[in-house]
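Atom set for the values below is all heavy atoms of this structure, side chains included, hydrogens, waters and symmetry mates excluded. Everything numeric here is computed off the predicted structure, so don't read it as measured data.
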Amino acid sequence: MNTLTSEAPVLNGMIPLSDAAPDMRPLLAAFRQNGGRPFHQLPLFEGRKNYVTTCELNGLTSEPVASVETVRCPVDNGSIALRLYRGMGVSAFKHSPVILFIHGGGWVIGNLESHDALCRHLANSTGSTVVAVDYRLAPEHKFPVPLNDCRAALAHLAKHASRWRLDLSSLVIAGDSAGGNMTTLLASRAELRPTRITVAAQVLLYPVTDLSASSASYGRVSSGFPLTADTMFWFRSMYAAEDADFRDPLLSPLFGPDDLTQPPMFIVTVGLDPLADEGIAYAAKAAAAGCRVLHHHLPQHMHGIFTSAGKVATARAMLTEAAAFILASRSGPASLDLSAT
């Protein structure tokens with residue numbers, strides 16, 4: 001369990017480029033040279049479009065997989081899409097292990113396309129069927145709609161596991177940022193999952209765990225990055241009701257019970273991120289409650305590196321570590337190597 005913290009120096013309100021990791025500097029320099037406008041400064045439609053474009057340009061190369069199928073999942077007043085990626089080498093005639101993947105984007109941006117290459121990579125590297133959830137977005141659909149859509153997706157998988165040849169006995173739930181927020185809830189709260197569905201492991205990539213925005217990293221990362229404190233305040237206002245209690249554990253899992261039983265956790269936090277401290281605190285809290293935690297903290301990297309993994313070598317290395325963790329989790333908690341870097 002690694003509980004490192006990072007406090008990068010701030011110059012004139014902006015963390016210097018020289019304090020960023022070398023493999024991340026070109027992306028960050030390009031962002032700043034192009035005006036450095038975070039998502040909350042763009043019209044909603046433009047922000048959503050730009051996010052998908054950026055993920056496609058900077059993300060992993062799209063890998064071929066054995067099969068891709070998009071199905072509809074019923075939700076209140078309609079349906080959402082689920083995309084099933086069966087990894088290369090995974091037999092279409094046998095039940096395969098499953099990763100439920102919940103994309104990030106502050107509950108406001110992101111979709112199946114923004115994380116398509118990442119899901120393909122996870123399917124191939126773990127020999128799994130990855131199921132990506134196209135939950136409805138805020139502000140059109142505020143809390144708890146996105147969370148309830150993810151719950152509905154899990155119930156739909158349980159209902160059709162035999163039809164789609166899915167083995168849910170070693171289910172892994174994974175997500176980045178806002179998707180990591182909802183991953184923590186489905187992984188740790190049995191009442192949010194269908195009866196008899198257990199989770200073998202959870203993979204959290206810089207998750208949102210504290211919408212009260214009370215940690216010190218909000219003050220450190222206020223400009224010069226795609227995700228700043230102001231962007232998070234904007235995401236929060238889009239997602240939660242105006243009178244929301246931001247310490248509600250269904251919004252901020254960090255404020256959940258201290259003794260919450262959790263499946264083994266792989267978590268990555270990054271220092272150049274307003275979410276850094278809350279992610280570190282969440283990992284520490286889970287470990288204190290007896291959860292097996294593998295925590296990698298990257299003090300010189302910024303939020304969003306996994307959807308920019310085509311350009312950031314460290315992100316690719318962390319995905320390799322995550323795949324190894326997922327594979328080990330299928331053999332039981334005792335087989336997990338918890339030596340963090």
Side-chain angles (χ1 to χ4, degrees), residues 1-6 97 99-102 104 122 125-126 128 170-190 192-193 197-211 214-217 249-250 252-301 303 305-306 314-315 317-341:
M1 169 65 192
N2 187 336
T3 57
L4 294 175
T5 60
S6 171
I99 301 172
L100 184 74
F101 187 86
I102 307 174
L122 284 174
S125 62
T126 63
S128 305
S170 58
L171 175 69
V172 174
I173 307 181
D176 63 320
S177 195
N181 171 279
M182 294 184 286
T183 295
T184 69
L185 295 167
L186 291 181
S188 63
R189 301 272 183 157
L192 299 181
R193 303 191 301 264
I197 291 289
T198 58
V199 180
Q202 55 185 317
V203 175
L204 310 178
L205 309 178
Y206 32 71
V208 181
T209 67
D210 179 8
L211 277 183
S214 55
S215 66
S217 50
L250 293 182
S252 299
L254 183 60
F255 298 110
D258 289 339
D259 59 350
L260 200 62
T261 300
Q262 299 214 46
M265 176 190 300
F266 179 95
I267 180 169
V268 178
T269 54
V270 286
L272 307 181
D273 181 2
L275 308 180
D277 289 356
E278 65 194 67
I280 293 168
Y282 189 74
K285 181 173 180 174
C291 177
R292 297 178 66 85
V293 176
L294 178 54
H295 179 196
H296 292 273
H297 181 67
L298 310 175
Q300 293 183 297
H301 285 81
H303 195 94
I305 59 170
F306 290 101
T314 303
M318 287 295 98
L319 289 174
T320 299
E321 295 286 340
F325 185 88
I326 290 169
L327 291 169
S329 73
R330 294 174 185 164
S331 300
S335 65
L336 295 171
D337 178 5
L338 301 183
S339 55
T341 60

S217 side chain to D277 main-chain N or O, any donor-acceptor pair under 3.5 Å? yes
With no hydrogens and no angle check, is any side-chain donor or acceptor of T209 less than 3.5 Å from a backbone partner on L254? no
ring-ring contact (aromatic ring centres under 6.0 Å, His included) with H301: which residues, sequence neighbours excluded?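 None.
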May I ask you to test the P207-T183 pair for a side-chain heavy-atom distance under 4.5 Å?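 No, every pair of side-chain atoms sits at 4.5 Å or beyond.
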Are any of the side-chain heavy atoms of L250 and L192 separated by less than 4.5 Å? yes
Ignoring hydrogens, what is the shortest heavy-atom contact between [X] and [Y]? Give both atom names and the distance.
X    : Y    : value
D210 : E278 : N-OE2, 2.9 Å
P249 : L185 : O-CD2, 3.4 Å
A276 : V270 : CB-O, 3.1 Å
S177 : L275 : OG-CD1, 4.2 Å
V199 : I173 : CG2-CD1, 3.8 Å
I102 : M182 : CG2-CE, 3.7 Å

Only pairs at least two apart or in different chains count here, so list each salt bridge (Lys or Arg N to Asp or Glu O under 4.0 Å) that has a residue in residues 176-190. R189-E191
State the [atom1]-[atom2] distance between [X] and [Y], to the nearest 0.5 angstrom.
X    : Y    : atom1 : atom2 : result
I267 : H296 : CD1   : NE2   : 11.0 Å
S128 : L100 : OG    : CG    : 12.0 Å
H303 : T269 : NE2   : OG1   : 12.0 Å

Verdict with reasoning, L122 to V203, per side chain to side chain contact (heavy atoms under 4.5 Å, CB included): CA-CA 11 Å; L122 284 174; V203 175; over 6 Å; no
Those residues that, when tested against [X], pass side-chain contact (heavy atoms from CB on, under 4.5 Å) (two or more places apart):
X    : result
A315 : I305, F306, A309, V312
A323 : S125, T126
P274 : Y218, V221, L227, M232

Evaluate L298 against M318 for side chain to side chain contact (heavy atoms under 4.5 Å, CB included), listing each step before the verdict. CA-CA 10 Å; L298 310 175; M318 287 295 98; 4.1 Å; yes
Only distances under 3.5 Å count here; give the side-chain donor-acceptor pairs of residues 256-265 to other protein atoms, sequence neighbours excluded, each with its distance to 0.1 Å.
residue : atom : partner : partner atom : Å
D258    : OD1  : K285    : NZ           : 3.2
Q262    : OE1  : Q202    : NE2          : 2.9
Q262    : OE1  : Y282    : OH           : 3.4
Q262    : NE2  : Y282    : OH           : 3.1

